[in-house]
Amino acid sequence: MQRTVEHASSAFPTLLDSDAVATQSGSSKIATIRETVGTPFVDNPRMTCRGVEVYYGEKRAINNLSIDIANNEVLAMIGPSGCGKSTFLRCLNRMNDTIASCTVKGNIQLDGTDIYHPSVDVVPLRAKVGMVFQKPNPFPKSIYDNVAYGPKIHGLTSTKIELDEIIETSLMKAGLWDEVKDRLQDPGTGLSGGQQQRLCIARAIAVSPEVILMDEPCSALDPIATAKIEELIAELRTQFSIVIVTHAMQQAARVSQRTAYFHLGDLIEVGATEKVFTNPLHQLTEDYITGRFG
Amino acid sequence: MKNPLEPTPQVCKRYRTEKAFKRLGLSAIVMSLCFVFFLFYTIIADGYSAFTQTYIQIEVSFDETFFRGANISNANFPALVKRSMGKIFPGVTGRKDTKMLSSIVSPAAAYTLQNLVETNPKLIGTTKFIWVLADDDVDMFFKGKTVTNVAESNRRLKDKQLTWLDQLVSEGKLERRFNKTFFTSGDSREPELAGILGAATGSLLTLFITLSLSFPIGVATAVYLEEFAPANHWTDIIEVNINNLAAVPSIIFGLLGLAIFINFWGLPRSTPIVGGLVLTLMTLPTIIIASRASLKSVPPSIREAALGIGASKLQTITHHVLPLALPGMLTGTIIGMAQALGETAPLLMIGMVAFIADVPGTFTDPSAVLPVQIYLWADSPERAFSEKTSAAIMILLAFLIAMNSIAVFLRKRFETKW
């Protein structure tokens, strides 16, 4: 692990400890190195990723990436299109397995277990690392069945009462209970876009995951629905670790504690969100957040 | 001043083309509808009369002298019919005339009497009025389907017979009734006795085999190729071959069936089981292609949603993908079944073109199927088979319409909105 991250603070969440970098480079930004600057590593992480490389066939989509995901944090991943954010996100619950040409190298651990180890099965992994997709994709079933599906297939409940309870708490946590409690048997696809997305979140948290991955969860929603989802993310942080990919930098600034900036397959910078947005270490990050490209 | 929003000549031209195109499409629809109506009209106009049949009432006295033997079936029932006819027309004498007289009732009349006596032996010794089938020539005459304005020698019904018939009509002893025989019996050399039940049963048995084999095999193939198969050379070869099989002339499948199912496996000829196997081969490509298309049309987001929550691949397919793809699969299957129902050529090769009078009871009984029955009747020289042919076509069409309605119903039933 030859990385130039020795400046990185080891004490999360006191992340603003990059004075070394600042004094080294003075006012000018780091522009040449393509290795991660900032604070990618934290104490007591939920997930750790070391030297992750992802290939689509011959083409390398992610270079030598190392990052930690802390407990009860929202980690936002930003960067221009095609920079590998979603690809990396999908490595975290092995959704990339469904793509035949995709190979993942390196080490990704959840609670100290290598998730790419041959003995690991994706079914329990995906119960622990849930996912919310870009487009709301409820099953064409009732609201009840949508949320009940996960607990059912994982055998989390044995009685109908328990199941009802899980569904109620999940919908409550997703902030949807009051809106749908009288019509749980209506089709989930009949809800509005924002409600559908919250239903998908409820579905994901119904199996009590540890980490929730969100792949641009608000890109198909209007500002009001987006605001609701963002509030929800802030609440969910108290129980889960959340990794969110977003194109809206304001959103990243609003919801996350740490922000990671990706550029053409490289993880350029990771740091406390306010630091990344106010005083980034790397020139590329600065260019991106000031809108020079992206 | 010129209105700036007035359509320019270019725009007008565009509208003209659009209109012409619309008209073209509409005329195509009207034309095809005309053809369909013409088809239906000719078939129904020719065939509806087959659902009625001419009957003649005869007075039969079941004398004990006739049933002296121990076995009722040994009695001379044709003679009984002959005597009853003679009773109506006492003036008719001479060998030739009595023969002509008894030929206006169907040979089936004797069987009718035999049946009556066998089911109810108490009839012996009594006299009863009984309606028996008229001969097919008489039937055709009363349905207006014979030419009467030609010389007597060229006619099937001679002048004498016509006067007898006139007398029967005036006495109320000749009637057209609903033709139950057509729906309750198998094929026969006598048109008035020929029925569709044998062929319809044969078709049902054959289709049952076809459906119960081709639907599961076809769907399983489609699911494997679409969801599990690795993208390699072999998969490509299989795919190309399936698409080619869909275009193979159906008679080739018949030859294959003859070579493998009959000659190699030794299955009995002319049977629904062989017919069903051959038609399975023929409909499989259709079902596979339709099923794959409907699997492909299931949005990937649904798969992702299921996989993302930790469903296994098989759970994803059985819980989410298949229910959504089912309507399309059913449509493809029904199209394949309709194709199989109307197929004749491959069945000719496996001997299903034989004359079979019995209604098949099992999958290994020799039987005919509806399209082959149509072909056989259309080929028969008797005038009366022409209306039977049209009637059989009507039955086949009714089958098809029923199947398509089931398809529409099932599709509506299983369709999920998203």
Inset, instruction - Name the orientation class of the two ring planes belonging to H320(B) and Y149(A) (parallel below 30°, tilted from 30 to 60°, perpendicular beyond 60°). - result: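 It falls in the perpendicular class, over 60°.
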Legend entry - Rounded distance [0.5 Å steps], OG1 in T98(A) versus NZ in K313(B):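 Reported to 0.5 Å precision, the distance equals 7.5 Å.
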Legend entry - R90(A) bridged to E304(B) by N-O distance under 4.0 Å: yes
Legend entry - Heavy-atom proximity to chain A below 4.5 Å, by part of A306(B):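 Both the backbone and the side chain of A306(B) come within 4.5 Å of chain A.
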Take atom [atom1] of [X] as the centre, draw a 6.0 Å sphere, and report whether it contains more than 12 heavy atoms from other residues, nucleotides or ligands.
X	atom1	answer
F208(B)	CZ	no
K173(A)	NZ	yes
K296(B)	NZ	yes
F228(B)	CZ	yes
Y15(B)	OH	no
L33(B)	CG	yes

Inset, instruction - Identify which of A231(B), S301(B), A305(B) forms the greatest number of heavy-atom pairs closer than 4.5 Å to chain A. - result: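 If we count pairs closer than 4.5 Å to chain A, A305(B) comes out on top.
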Inset, instruction - Considering only heavy atoms and a distance below 4.5 Å, find which of R94(A), Q134(A), M131(A), M95(A) pairs most often with chain B. - result: M95(A)
Legend entry - Closest non-hydrogen atom pair between G308(B) and F133(A), with its separation: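 For G308(B) and F133(A), the tightest heavy-atom pair comes out as CA-CZ, 4.4 Å.
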Inset, instruction - Kindly give the heavy-atom pair with the smallest separation between P140(A) and L324(B), and that separation in Å. - result: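 The pair with the smallest heavy-atom distance is CG-CD2, 3.5 Å.
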Legend entry - Backbone N/O of I302(B) and side chain of N137(A): donor-acceptor pair under 3.5 Å: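 Answer holds: no.
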Inset, instruction - Answer yes or no: is there a donor N or O on one side and an acceptor on the other, between the side chain of H154(A) and the main chain of I309(B), under 3.5 Å? - result: yes
Inset, instruction - Could you walk me through whether H319(B) and I153(A) pass the side chain to side chain contact (heavy atoms under 4.5 Å, CB included) test, one step at a time? - result: CA-CA 10 Å; H319(B) 295 172; I153(A) 59 168; 4.0 Å; yes
